[in-house]
Amino acid sequence: MTSGDAPAPAREASREELLAAGEALRRRVLELEQEKRDLELMLETSAAHADHVSETLESERNDLATMLEMTTEHADTVEEELHERATAALERSARELRMILEATPAPVMIARQSDGEIVYANVMLGTLFRTNAQDLVGRKTVDLYFDAADRQPMIRELEAERALDHYELRFRRLDGSLVWVDISLRLLEFNDEPAILSALHDITERKAAEERLLQQVEALRLELEETSKDSAVARSTGTTRFENLDAEVIHRGTTELIAVHSFRGGNGKSSITASVAALLAVAGQRVGVIDADIQSPGLHLLLGRAGKSQGRTLNDYLLGNCTFDQLAVDVTDHLGESVVGRLFLIPASLNPGTMAQVLSQGYDAQRLTRSFHELGETLGLDTLLIDTHPGLNEEALLTMRAVRTLIVVLRPDTQDFEGTGVTVQVARQLEVPRVLLVVNQVPSAGSFQAVRARAQKTFGSEVLAVIPQSAEFMGFDEEVPFVLRHPQHPVSLALQQVALALQRAEA
Amino acid sequence: MRRTLSHSNPHAKTLLMDITHQDYQVQYDEAAATVRCSGSFRLHGDEYKPVLDLLTQAADARPATLTLDLRELQFLNSSGINTLSKFVLQVRKHGASQVLVQGSTRFPWQEKSLKNLQRLLPALRLDIV
């Protein structure tokens, strides 16, 4: 083996390798440096982005917070304004209510519902109670009642209906005197408390007049009872207070006696009487109708006798010149053809001399009422309608005592309601078996149902019909009666109800 | 009244110009770049969408000055003020228009609440007389 020939190439290779390795390392370092720079850049970018996002979020959060604050502040502002306005409106309406009540020409008060303490009284209330209005404020209503027991039933009715109209009540003034009022009540809120508003109408005078009238009626009734005891015709031996000749007449015959009355003239009483008579005749009845309104006769006009010669009249009978059955005029032809029943008219005289004679000489009113039944018998009548003179006079009272049925005609106004109240009361005292009502000339604008309910409630009597206002009906003077000529007219329909109700009652 | 812009857009975008209601009215006068609100706004939530749409259209037109005339605006509830603030934010985002809000001292709430719009857009001009 020769020495020193092998190591030289090995050293050479190793150096190249080292160079290559060195180069690789250098590249790696560069790469790493690049990567590091990239990473640094990315980090920077991300941080910048995060900062930006965070800023935006912050800004949006601030906007939202601002909006929330704005909205809340706005809500507070508006709420405050609305509250002020509502308070002002309440105060204004309270002021206005007081102004209205002060200017109202009727006595008005407001009382707390809980304890009845008067919290408001207008000047008129003071006048009614003959004191200063302020003197009434703070008092309890119950201390002003004539009878404290009257309060409960009235308040019960008010609470059930929320409103109460035309309730008649007695108060006692501070000086102790009695005052009758027609009172209307409403529930309302006053000063944030449940309260009762009352409007009053002084009816003390009317009540006194009614009382006087009832006393007169009672006196008349006693007088009649006395005279009828002496009368040859008074054969009754029963035990009721009213056994006398008229009671005898009522229960003896088969003719239904119906009086048609009204407190005031001109409310359509005669027109209604003639129409109902015509309807009953058309329905097949034998009907008589007496014009007992001696002072202002008019029934003949309605039954086709205008301008015709009168012959004998009720006046002749009352003066003793003829018998009752000689008076009747058959007016059936006036109703048109094919009428099964008959209609007889007993007219009052239009002769001024005869009228005056009867009115000045006076006549035996009892003779008149006694004859109703005779007439019914003679003519074989199913129904005899008596058209009375308006108002509460002796004939009217005697007629009421002779009939089984009284129809009171009224208009829906205060005067008629008051007068009818008295009439109905008198009829009850005279023990008329049936008192019925017909409300006439009701304005079509109002509620017929309400008018019917009010009349029924006020008088406690059945309302047969509510007849609408109609110039045609009130003014009719046609050959054939209106009710037959215009059977579908609302007025005719209402009158048909009256006729039907009477037929049913008789049946 | 509705006007249809169809000449450049085949999808016939409908542009609402006026909102008329018994209680409140919104009118957009495009030429004057003015939106007038009057009456009493008592709507709830979504019911304000047509109003906001109309305001957005006015903002999108990017006029130099956009006027919001509220001088006859008697009442605006909370949802209403919220709608106005959304509109202001939209204008701020565009950054293209100056906003002028006109109000009246006859309606005391305006002075307090409209001033707050400047918190969202400090450059907003307020003219309450």
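In what follows, every chain begins at residue 1, and chains take the letters A, B, ... in the order their sequences are listed.
Heavy atoms of B/Leu117 lying under 4.5 Å from chain A belong to its backbone as well as its side chain. Residue B/Leu76 touches chain A through both its backbone and its side chain, counting heavy-atom pairs closer than 4.5 Å.
In summary, B/Arg119 and A/Glu73 engage in a salt bridge, as defined by a charged side-chain N under 4.0 Å from a carboxylate O.
In terms of non-hydrogen atom pairs under 4.5 Å with chain B, the most contact-rich of A/Thr66, A/Leu68, A/Thr72 is A/Thr66. If you tally non-hydrogen atom pairs under 4.5 Å between each of B/Ile81, B/Leu84, B/Val88, B/Leu114 and chain A, the highest count goes to B/Ile81.
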- Task: Output, in order, the C-alpha distance, side-chain angles, deciding distance and verdict of salt bridge (charged side-chain N to carboxylate O under 4.0 Å, His left out) for B/Asp46 and B/Lys49.
- Result: CA-CA 5 Å; B/Asp46 282 354; B/Lys49 192 171 178 303; over 6 Å; no
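Other residues, nucleotides and ligands contribute more than 12 heavy atoms inside 6.0 Å of the CD atom of A/Glu31.
The side-chain tip of A/Arg454 points at the ring of A/Phe417 from less than 6.0 angstrom away and within 45° of straight on.
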